[in-house]
Amino acid sequence: MAKVEVVMPQMGESIAEGTIVKWHKKVGDKIKKDETLLEISTDKVDSEIPSPAAGVLAQIVIEEQKTVPVRTVIAYLETDGGAVVAEAPKQAAPAAAPKPVQTATPSIPIPPPVQQLAKPAAGRFYSPLVLNIARTEGISMSELEMIPGTGEEGRVSKKDILAYVEARKSGAPMPAMSSQPAPIQTQRPVPVGILAKPVEVPELRAKYPAPGHDILQMSNVLQKMAEHMVKSVQTSPHVAAIHEVDMTNIVKHRTQQAAEFEKKEGFKLTFTPYIVEAVVKAIKKYPLVNVSIEGDKIIKKNFINLGIAVASENGLIVPVIKHSEEKNFLGFARAVNDLAIRTRTKKLMPDDIQGGTFTISNYGVFGTMIGTPIINQPQVAILGTGAIKKRVAVIDDAIAIRSMAYFTLSFDHRIVDGALGGMFLEEIVQNLQNFDTSLKF
């Protein structure tokens, strides 16, 4: 048996430390190469980390909720055969020259998660391994949704899908999703939108006694998001403009094309790519909303890295569609779906959420009609999109029922004045209202 050091990976050049959120294996458990070993959190993103080698988890050095510098030994694996040093990812490589290969206890940096290319249906998530098996065995997404899962939160494991494949080949009765209601929770659930664990702090408990109060510890990502938002309000003089947009033609086009789109692409057509395309076209016409400020200097970006705010269990994450100026509608749809999946399955890398030049926050998916989002520093503007609702409208002096929404542009008044902000927002409105409905998939 060879003993292998597992170290805290460096998830980006600017990342100096990481927090262990959860160990997915306990001491003595067997683990396969690339199977999820633990979850870590940095000030940029949370990620599920795969095991660098197959073997047995021999020792956990750093417990959950502890923060340590990158490349700190956090666990030991015992592996069969000779010791082999795994290749470190480029962004995790140390600045110094690499040390000679050891033969006793080699240090294997944990590789970053691999990008998930498959596209699960909305509402249930599948690991890349399960999706690959499904694709190989010709299992459709609708069929995959019916397989009962024995994993965490009812997720389909490798064992579950292989059992299903075997049953299908042998002609045995297929397992079905349980119709039994979920067991009643005995503890109060954490509020939706907050990933936080109950903690006991004596001085706070004295002030907020149980059972009338719960004390929850904010996650690392939630703390950093809060600090970022406070800093943004202190940095930029926020001004907001609100325009109404008639989404009727967009709604009709999406309804007409939804089935064919999902059949070809494997995921649902949402309103987001329509909005993204309209925003990118508007930025090309009004590039001064795509800048940042350094002192008294304006840094104009000659590329568009569009951030899309995505709600996750850890809070709001803003992954970025890099070089959006180069994509078409279908490219936007694929990019949005990919980022949403990898955000919610913790497969994002730090580079995925860095370098944004403009952000869209779609709070309308939660039913919110009007909002005033906070600028994502160091950007100078952010678009908030409200819920699409049918309302009475006047069209050519006639009363009509239209699908309407309110869009809000929050902008930094140091560089974007009311005229520029208003013209830019109206350009987005016109791009949506004049969308080419002849587009087919």
Side-chain angles (χ1 to χ4, degrees), residues 1 4 6 9 20-40 46-58 60 64 75-81 84 86 89 108 110-180 182-183 266-267 312-313 337-338 340-349:
M1 298 288 285
V4 173
V6 179
I20 296 176
V21 177
K22 179 181 179 181
W23 284 100
H24 282 242
K25 298 290 182 179
K26 60 182 182 293
V27 173
D29 284 352
K30 292 183 178 180
I31 188 166
K32 298 178 181 179
K33 188 177 187 302
D34 295 329
E35 185 181 359
T36 299
L37 178 59
L38 74 159
E39 293 178 30
I40 69 168
D46 283 6
S47 295
E48 291 184 350
I49 304 300
S51 175
V56 174
L57 182 56
I60 292 177
E64 293 178 359
Y76 289 96
L77 297 176
E78 286 185 350
T79 63
D80 294 325
V84 179
I108 301 185
I110 300 175
V114 177
Q115 176 174 333
Q116 181 174 337
L117 299 178
K119 303 172 177 63
R124 197 181 190 197
F125 299 106
Y126 306 93
S127 70
L129 177 60
V130 167
L131 289 166
N132 285 335
I133 294 173
R135 187 183 297 110
T136 301
E137 298 294 336
I139 298 173
S140 66
M141 288 306 303
S142 59
E143 190 177 359
L144 186 58
E145 289 176 0
M146 298 306 296
I147 299 176
T150 60
E152 187 176 355
E153 298 179 351
R155 292 187 181 181
V156 176
S157 67
K158 176 184 177 182
K159 179 183 68 175
D160 298 327
I161 192 169
L162 289 179
Y164 180 84
V165 169
E166 185 63 28
R168 190 170 68 165
K169 288 180 178 178
S170 64
M174 299 291 185
M177 291 285 286
S178 173
S179 59
Q180 296 297 318
F267 60 91
S312 74
E313 63 179 9
N337 180 70
D338 171 65
I341 290 174
R342 290 196 289 124
T343 297
R344 294 177 180 130
T345 55
K346 299 181 181 179
K347 304 300 182 186
L348 288 177
M349 295 301 296

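- Annotation for K33 and P52: closest pair CE-O, 3.5 Å, computed over non-hydrogen atoms.
- Considering every non-hydrogen atom in both G149 and D160, the closest pair reads CA-OD2, 3.4 Å.
- Taking OG1 of T36 as the reference point, atom CH2 of W23 lies at 12.5 Å (rounded to 0.5 Å).
- Remark: I147 CD1 to I161 CD1 distance equals 5.0 Å, nearest 0.5 Å.
- You'll find the side chain of S51 stays beyond 4.5 Å of the side chain of L57, heavy atoms only.
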CA sep, side-chain torsions, deciding dist, call: K25, E35, salt bridge (Lys or Arg N to Asp or Glu O under 4.0 Å): CA-CA 10 Å; K25 298 290 182 179; E35 185 181 359; 2.9 Å; yes

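- For the salt bridge (Lys or Arg N to Asp or Glu O under 4.0 Å) test, residues two or more places apart in sequence or in another chain that qualify with K26 are D29.
- If you take NZ on K22 and NZ on K346, they are separated by 7.5 Å, rounding to the nearest 0.5 Å.
- Applying the side-chain hydrogen bond (donor to acceptor under 3.5 Å, both in side chains) criterion to E78, with sequence neighbours excluded, gives no partner residue.
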Step-by-step side-chain contact (heavy atoms from CB on, under 4.5 Å) determination, I20 to L38: CA-CA 7 Å; I20 296 176; L38 74 159; 4.0 Å; yes

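- Here the CD1 atom belonging to I40 is positioned 4.0 Å from the CD1 atom belonging to I49, to the nearest 0.5 angstrom.
- Taking CG of L37 as the start and NE2 of H24 as the end, the distance is 9.0 Å to the nearest 0.5 Å.
- E137 pairs by the side chain to side chain contact (heavy atoms under 4.5 Å, CB included) definition with I133, I139, V165, R168, K169, not counting sequence neighbours.
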Derivation and outcome, side-chain contact (heavy atoms from CB on, under 4.5 Å), residues T343 and L348: CA-CA 6 Å; T343 297; L348 288 177; 3.2 Å; yes

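- Taking every heavy atom of both residues into account, A54 and T79 meet most closely at O-CG2, 3.1 Å.
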